[in-house]
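Working notes, structure below.
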Amino acid sequence: MTNDTTLLHDLARLTIRKTSVSDMDNNVYLLTSKETGAQVLIDAADDAPAIRSMLAESAGDSARPVRLALIATTHQHWDHIRALREMAEETGAPLAAGSEDADAIETGAGVRVDVRLDHGNLGNFDGFDLAAVHLRGHTPGSLAYVYRDPEGPAHIFSGDSLFPGGVGNTWKDPQRFSSLLRDVSERLFGVYADDTLVHPGHGGGTTLGAERPRLGEWEERGW
């Protein structure tokens with residue numbers, strides 16, 4: 001198990017922290033508004049103590065007291081929701097997830113999903129916005145969350161839908177793979193610039209520019 005917590009990006013209006021949890025190297029991200037203290041936690045994957053530590057470390061990131069406005073989940077798989085119930089009960093923050101994955105998350109984590117998101121939904125968190133991008137294939141309701149930095153490149157929190165070197169696992173199902181590659185190509189690569197940073201659900205990050213030349217290769221290999 002790793003508990004590698006870092007201040008990943010110190011932006012003009014926002015800080016982005018990351019902690020890696022569990023033996024599956026799940027990434028948990030915390031976005032904090034410097035002006036208002038509003039926060040969004042992305043994927044309460046596991047290890048509630050590590051997440052608590054990251055929340056505590058973020059207290060100095062804002063000019064005002066920090067407050068968790070939302071816990072957002074990228075998709076339904078068990079390794080991304082193991083600490084969801086505990087963090088929801090402790091913080092009282094509302095929970096958000098993709099509409100098509102919400103029922104499975106409620107069953108798997110024993111929680112209520114307060115906000116069911118569809119493609120293009122935009123949330124304002126008193127200091128920053130996050131857009132939901134529906135990426136169908138890894139799971140029916142997989143989402144990426146996108147922060148458009150007014151002073152710099154965008155940031156995509158892609159869950160298990162996009163990694164350095166390829167799209168997420170679709171278990172050799174041609175229809176699911178085609179769906180995911182199409183959505184990633186059209187809704188991410190077709191919308192955001194090459195300097196956009198990609199923060200996946202496991203492991204290290206990348207940029208759209210680094211991955212864009214490989215899209216044809218991914219399509220040809222079929223995974």
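Here the structure is a predicted model, which is why all the values come from computation and not from measurement. These numbers come from the heavy atoms of this one structure, side chains and all, not from hydrogens, waters or symmetry mates.
- Residues F189 and L143 fall into different hydrophobic clusters, defined by Ile, Leu, Val, Met, Phe, Trp and Tyr side chains chained together at heavy-atom separations under 4.5 Å.
- For H77 and W171, the distance between ring centers is under 6.0 angstrom.
- Under the 4.5 Å side-chain heavy-atom criterion for Ile, Leu, Val, Met, Phe, Trp and Tyr, I156 and I16 are members of distinct hydrophobic clusters.
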Run the side-chain contact (heavy atoms from CB on, under 4.5 Å) test on L188 and L135 for me, step by step, so that the C-alpha distance in whole Å, both residues' side-chain angles and the decisive distance to 0.1 Å come before the verdict. CA-CA 9 Å; L188 297 182; L135 303 171; 3.9 Å; yes
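- In terms of heavy-atom proximity, P200 sits nearest to G205 at CD-CA, 3.7 Å.
- If you chain together hydrophobic residues whose side chains sit under 4.5 Å apart, V28 and M24 never meet in one group.
- Between the CG atom in L68 and the CZ atom in F125 there is a gap of 10.0 Å [rounded to 0.5 Å].
- Pairing each heavy atom of V40 with each of A72, the nearest pair is CG1-CB, 4.3 Å.
- At least one side-chain heavy atom of H119 sits under 4.5 Å from a side-chain heavy atom of V133.
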R52 and E90: salt bridge (charged side-chain N to carboxylate O under 4.0 Å, His left out), yes or no, with the steps? CA-CA 10 Å; R52 288 189 206 106; E90 281 189 19; 2.5 Å; yes
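- Side-chain polar atoms of T139 and Q76 form no donor-acceptor pair below 3.5 angstrom.
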Would you please test D47 and R82 for salt bridge (charged side-chain N to carboxylate O under 4.0 Å, His left out) and show each step? CA-CA 8 Å; D47 197 345; R82 286 171 285 183; over 6 Å; no
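- Here the CZ-CG distance, from R67 to D126, works out to 5.0 Å after rounding to the nearest 0.5 Å.
- Taking both residues in full, the closest heavy atoms of A45 and N26 are given as CB-CB, 3.6 Å, listed atom of the first, atom of the second, then distance.
- Summarising the geometry, atom CG belonging to D25 is positioned 3.5 Å from atom OG belonging to S20; distances are rounded to the nearest 0.5 Å.
- Residues L180 and V191 share a hydrophobic cluster, clusters being chains of Ile/Leu/Val/Met/Phe/Trp/Tyr side chains in contact below 4.5 Å.
- Nearest approach of L41 to M54, heavy atoms of both residues: CD1-CE, 3.9 Å.
- Within the 3.5 Å criterion, the main-chain N or O of K18 finds no donor-acceptor partner in the side chain of N27.
- A side-chain donor-acceptor contact under 3.5 Å links T74 and D43.
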The test is side-chain contact (heavy atoms from CB on, under 4.5 Å); show your working for T170 and Q175 and say whether it passes. CA-CA 9 Å; T170 52; Q175 290 184 330; over 6 Å; no
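- In this structure the side chain of V21 reaches within 4.5 angstrom of the side chain of T19, judged on heavy atoms.
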After noting the C-alpha distance and the side-chain angles of H138 and N169, does the key distance pass the side-chain contact (heavy atoms from CB on, under 4.5 Å) rule? CA-CA 6 Å; H138 183 66; N169 194 352; 4.2 Å; yes
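- Inter-residue side-chain proximity for D149 and H9 is flagged as unmet; no heavy-atom pair is nearer than 4.5 Å.
- Cluster annotation: L70 and L130 are assigned to the same hydrophobic cluster (Ile/Leu/Val/Met/Phe/Trp/Tyr, side-chain heavy-atom contacts under 4.5 Å, transitive).
- In this structure, a donor-acceptor pair under 3.5 Å is absent between the side chains of E35 and S62.
- From H199, atom NE2 reaches atom CD1 of I42 across 9.0 Å, with rounding to the nearest 0.5 Å.
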Walk me through whether D101 and R116 qualify under salt bridge (charged side-chain N to carboxylate O under 4.0 Å, His left out). CA-CA 9 Å; D101 275 12; R116 295 181 175 226; over 6 Å; no
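- Classification of E57 and R17 as a salt-bridged pair holds, one side-chain N sitting under 4.0 Å from a carboxylate O.
- Both tests do not hold together for R214 against W218: distance to the six-membered ring centre under 6.0 Å, angle to the ring axis within 45°.
- If you check the side chains of H80 and D160, you find a donor sitting under 3.5 Å from an acceptor.
- For the pair R221 and E217, the salt-bridge criterion is met [side-chain N within less than 4.0 Å of a carboxylate O].
- Among the candidates Y29, Y147, Y145, the single residue satisfying the ring pair (Phe, Tyr, Trp, His ring centres under 6.0 Å) test with F157 is Y29.
- The distance from atom OH of Y192 to atom CG of L208, rounded to the nearest 0.5 Å, is 9.5 Å.
- Side-chain contact check for E100 versus H134: some heavy-atom pair is nearer than 4.5 Å.
- In this structure, A93 and I71 approach most closely via the heavy-atom pair CB-CG1, 4.0 Å.
- At distances below 3.5 Å, at least one donor-acceptor pair connects side-chain atoms of D114 with backbone N or O atoms of L95.
- Inter-residue side-chain proximity for S179 and R182 is flagged as met; some heavy-atom pair is nearer than 4.5 Å.
- For CD of E219, the number of neighbouring non-hydrogen atoms (other residues, nucleotides, ligands) closer than 6.0 Å is 12 at most.
- With salt bridges taken as basic N to acidic carboxylate O contacts below 4.0 Å, none links K34 and D61.
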Apply salt bridge (charged side-chain N to carboxylate O under 4.0 Å, His left out) to the pair D129 and R148, showing each step before the final yes or no. CA-CA 8 Å; D129 294 338; R148 287 183 181 261; over 6 Å; no
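- For the atom pair CG (D183) and CG (L162), the distance works out to 12.0 Å, reported to the nearest 0.5 Å.
- The side-chain heavy atoms of S58 and Q39, taken from C-beta on, include a pair separated by under 4.5 Å.
- Every residue two or more places apart in sequence or in another chain that forms a salt bridge (Lys or Arg N to Asp or Glu O under 4.0 Å) with E151 is listed here: R13.
- Across A48 and M87, no two heavy atoms sit closer than the pair CB-SD, 3.8 Å.
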Could you please spell out the steps behind the side-chain contact (heavy atoms from CB on, under 4.5 Å) verdict for L215 and S185? CA-CA 8 Å; L215 286 170; S185 298; 4.0 Å; yes
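- The backbone N or O of S33 sits nowhere less than 3.5 Å from a side-chain atom of T36 that would complete a donor-acceptor pair.
- Shown are L117, L84, V113; of these, the side chain to side chain contact (heavy atoms under 4.5 Å, CB included) with T73 is made only by L84.
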